[in-house]
Q: 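My questions all concern the structure below.
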Amino acid sequence: MLYQEEKTNNVVFIGYDNNHNIKYAGCRSTGEKRIMKDAKGSTKEYSFRLLSETNRDSIHLFESSIDLLSYATLLKIRGYDWHNQNLIALAGVYQPANKIEQSKVPITVLNFLNNNQNIKQIVIHFDNDRAGRDATKAFIIGLNNKYDIYDIHAPYGKDINDYLCYKLGLKNRKQIEVYKTYKVKNNFVRE
């Protein structure tokens with residue numbers, strides 16, 4: 001579902017269709033330089049996602065794959081099994097239309113909802129910035145009261161990843177690097 005590029009050390013998030021064929025690959029930097037790109041030929045219909053085989057009545061939506069994984073980590077820390085959730089990353093927040101009521105729901109969400117008619121709840125975990133708040137409003141309007149929609153953004157920081165770092169006591173990049181080194185030295189890499 002994800003791998004690290006050999007030359008750049010960038011992480012690549014893979015999205016699969018219902019037949020387990022790769023349809024999406026999103027590349028993100030693991031270093032200081034900000035890199036966010038999708039592989040040529042990728043389709044956001046099947047962006048990065050972790051889907052449950054048991055819980056089929058709700059989905060959680062995130063702007064990024066990193067926020068999705070951070071949320072799964074927060075669930076694990078709290079003693080919940082993230083495997084029981086449908087978690088979908090949008091591979092970036094979308095730009096609502098100038099008239100918000102004319103905004104469209106992203107293709108990855110429409111695709112999932114069309115293939116899972118029993119979804120009743122949608123939980124939105126977008127960023128605490130203007131783009132995230134606007135996208136949330138557009139989403140609520142675009143789904144036209146067909147679902148119970150909950151807006152649960154990070155209670156601290158810009159996004160779910162910032163909140164995870166806060167919960168772990170990692171407040172800046174330097175502290176995060178120290179934490180990674182500590183985990184590797186103490187064989188805590190695989191949990």
Q: For Glu6, enumerate each residue passing the side-chain hydrogen bond (donor to acceptor under 3.5 Å, both in side chains) test, keeping only those at least two apart in sequence or located in another chain.
A: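 side-chain hydrogen bond (donor to acceptor under 3.5 Å, both in side chains) list for Glu6, sorted by chain: empty.
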Q: Hey, is the main chain of Ala154 close enough, under 3.5 Å, to the side chain of Asn128 for a donor-acceptor pair?
A: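 Side chain of Asn128 to backbone of Ala154, a donor-acceptor pair under 3.5 Å: yes, one is there.
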Q: If two hydrophobic side chains count as joined below 4.5 Å and joins carry through other members, does Tyr150 share a cluster with Leu61?
A: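 Unlinked, Tyr150 and Leu61 end up in two clusters.
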Q: Determine, stepwise, if the pair Tyr166 / Tyr156 fulfils ring pair (Phe, Tyr, Trp, His ring centres under 6.0 Å).
A: CA-CA 8 Å; Tyr166 169 77; Tyr156 177 85; 3.9 Å; yes
Q: Determine the interplanar angle of the His60 and His125 rings, folded into 0 to 90°, and report it as parallel if under 30°, tilted if 30 to 60°, perpendicular if over 60°.
A: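 Rings of His60 and His125: parallel, under 30°.
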Q: Taking only residues two or more places apart in sequence or in another chain, which ones pass ring pair (Phe, Tyr, Trp, His ring centres under 6.0 Å) with Tyr24?
A: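 If we apply the ring pair (Phe, Tyr, Trp, His ring centres under 6.0 Å) test to Tyr24, skipping adjacent residues, there are no hits.
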Q: Just how far is it from atom CD1 of Ile160 to atom NE2 of His153, taken to the nearest 0.5 Å?
A: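 So the gap between those two atoms works out to 9.0 Å.
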Q: How would you list all residue pairs meeting salt bridge (Lys or Arg N to Asp or Glu O under 4.0 Å) that involve residues 108-128, not counting sequence neighbours?
A: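 As it turns out, the salt bridge (Lys or Arg N to Asp or Glu O under 4.0 Å) pairs with a partner in residues 108-128, which skip direct neighbours, are Asp127-Lys158.
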Q: Is there a donor-acceptor pair closer than 3.5 Å between any side-chain N or O of Ser70 and the backbone N or O of Ile66?
A: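 Here the side-chain-to-backbone pair exists.
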Q: The criterion is salt bridge (charged side-chain N to carboxylate O under 4.0 Å, His left out); which residues satisfy it with Arg78, sequence neighbours excluded?
A: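 By the salt bridge (charged side-chain N to carboxylate O under 4.0 Å, His left out) rule, Arg78 matches no residue at all.
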Q: Is a side-chain N or O of Asn116 found less than 3.5 angstrom from the main chain of Asn118, in a donor-acceptor match?
A: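 A pair under 3.5 Å: no.
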Q: Working to the nearest 0.5 angstrom, can you tell me the gap between Gln121 CD and Tyr147 OH?
A: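 If we round to the nearest 0.5 Å, Gln121:CD and Tyr147:OH are 12.5 Å apart.
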Q: Go through the steps to decide whether Leu90 and Glu63 satisfy the test side chain to side chain contact (heavy atoms under 4.5 Å, CB included), and finish with yes or no.
A: CA-CA 5 Å; Leu90 301 183; Glu63 287 185 33; 5.8 Å; no
Q: Applying side-chain contact (heavy atoms from CB on, under 4.5 Å), name anything that partners Thr73, two or more places apart in sequence or on another chain.
A: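 For Thr73 the side-chain contact (heavy atoms from CB on, under 4.5 Å) partners, ignoring immediate neighbours, are Ile77, Leu164.
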Q: Identify the heavy atoms of Ser58 and Gln85 that sit nearest to each other, and give their distance.
A: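 Heavy-atom minimum between the residues: OG-OE1, 4.4 Å.
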Q: Going by the rule side-chain hydrogen bond (donor to acceptor under 3.5 Å, both in side chains), which residues pair with Asn114 if we only count those two or more places apart in sequence or in a different chain?
A: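 Listed in chain order: nothing, the list is empty.
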Q: Between Leu68 and Leu50, is there a side-chain heavy-atom distance shorter than 4.5 Å?
A: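 Sidechains of Leu68 and Leu50: in contact.
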Q: Decide whether Ser65 and Arg49 meet the rule of one side-chain donor and one side-chain acceptor closer than 3.5 Å.
A: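 Per modelled atom types, Ser65 and Arg49 side chains form no pair under 3.5 Å.
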Q: Given side chain to side chain contact (heavy atoms under 4.5 Å, CB included), test Leu143 with Val105 step by step and report yes or no.
A: CA-CA 7 Å; Leu143 290 171; Val105 176; 3.7 Å; yes
Q: Ignoring hydrogens, what is the shortest heavy-atom contact between Ser42 and Ala25? Give both atom names and the distance.
A: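 Nearest heavy atoms, Ser42 then Ala25: OG-N, 3.0 Å.
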Q: Scan residues 145-154 for pairs that pass salt bridge (Lys or Arg N to Asp or Glu O under 4.0 Å), counting only residues two or more places apart or in two chains.
A: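 Matches after skipping sequence neighbours: Arg133-Asp151.
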Q: Would you compute the distance between atom NZ of Lys40 and atom CG of Asp38 and round it to the nearest 0.5 angstrom?
A: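 Atom-to-atom, Lys40:NZ and Asp38:CG are 13.5 Å apart.
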Q: Could you state the interatomic distance from CD1 (Ile124) to CD1 (Ile152), rounded to the nearest 0.5 Å?
A: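 Answer rounded to 0.5 Å: 10.0 Å.
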Q: What residues, two or more places apart in sequence or in another chain, satisfy side-chain hydrogen bond (donor to acceptor under 3.5 Å, both in side chains) together with Ser64?
A: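 Partners of Ser64 under the side-chain hydrogen bond (donor to acceptor under 3.5 Å, both in side chains) test: Asp67.
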Q: Checking Tyr3 now: which residues fulfil ring pair (Phe, Tyr, Trp, His ring centres under 6.0 Å) with it, not counting sequence neighbours?
A: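 For Tyr3 there are no ring pair (Phe, Tyr, Trp, His ring centres under 6.0 Å) partners, ignoring immediate neighbours.
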Q: Between the side chains of Asn84 and Thr54, does any donor sit under 3.5 Å from an acceptor?
A: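 Distance-only check passes for Asn84 and Thr54.
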Q: Please report the shortest heavy-atom distance between Asn86 and Phe112, naming the atom on each side.
A: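 Scanning both residues, the minimum pair turns out to be CG-CZ, 4.1 Å.
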Q: Which residues satisfy the side-chain contact (heavy atoms from CB on, under 4.5 Å) test with Ala72, sequence neighbours excluded?
A: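 Once residues adjacent in sequence are excluded, the partners of Ala72 under the side-chain contact (heavy atoms from CB on, under 4.5 Å) criterion are Trp82, Leu87.
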Q: So, using side-chain contact (heavy atoms from CB on, under 4.5 Å) as the criterion, who are the partners of Ile107 when residues are at least two apart?
A: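 Ile107 satisfies side-chain contact (heavy atoms from CB on, under 4.5 Å) with Lys44, Glu45 once adjacent residues are dropped.
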Q: Does Val123 belong to the same Ile/Leu/Val/Met/Phe/Trp/Tyr cluster as Tyr163, with side-chain heavy atoms less than 4.5 Å apart forming each link?
A: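 Different hydrophobic clusters.
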Q: Closer than 3.5 angstrom, by distance alone: can the side chain of Ser47 be matched with the main-chain N or O of Ala89 as a donor-acceptor pair?
A: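 Checked: pair present.
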Q: Start with the C-alpha gap between Phe126 and Phe139, add the side-chain angles, then the distance that decides, and say whether ring pair (Phe, Tyr, Trp, His ring centres under 6.0 Å) holds.
A: CA-CA 11 Å; Phe126 293 165; Phe139 233 93; 5.6 Å; yes
Q: By side-chain contact (heavy atoms from CB on, under 4.5 Å), which residues pair with Asp17, not counting sequence neighbours?
A: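 Applying side-chain contact (heavy atoms from CB on, under 4.5 Å) to Asp17 gives Asn19, Asn21, Lys23, Tyr46.
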Q: With no hydrogens and no angle check, is any side-chain donor or acceptor of Asn10 less than 3.5 Å from a backbone partner on Glu5?
A: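 Such a contact is absent between Asn10 side chain and Glu5 backbone.
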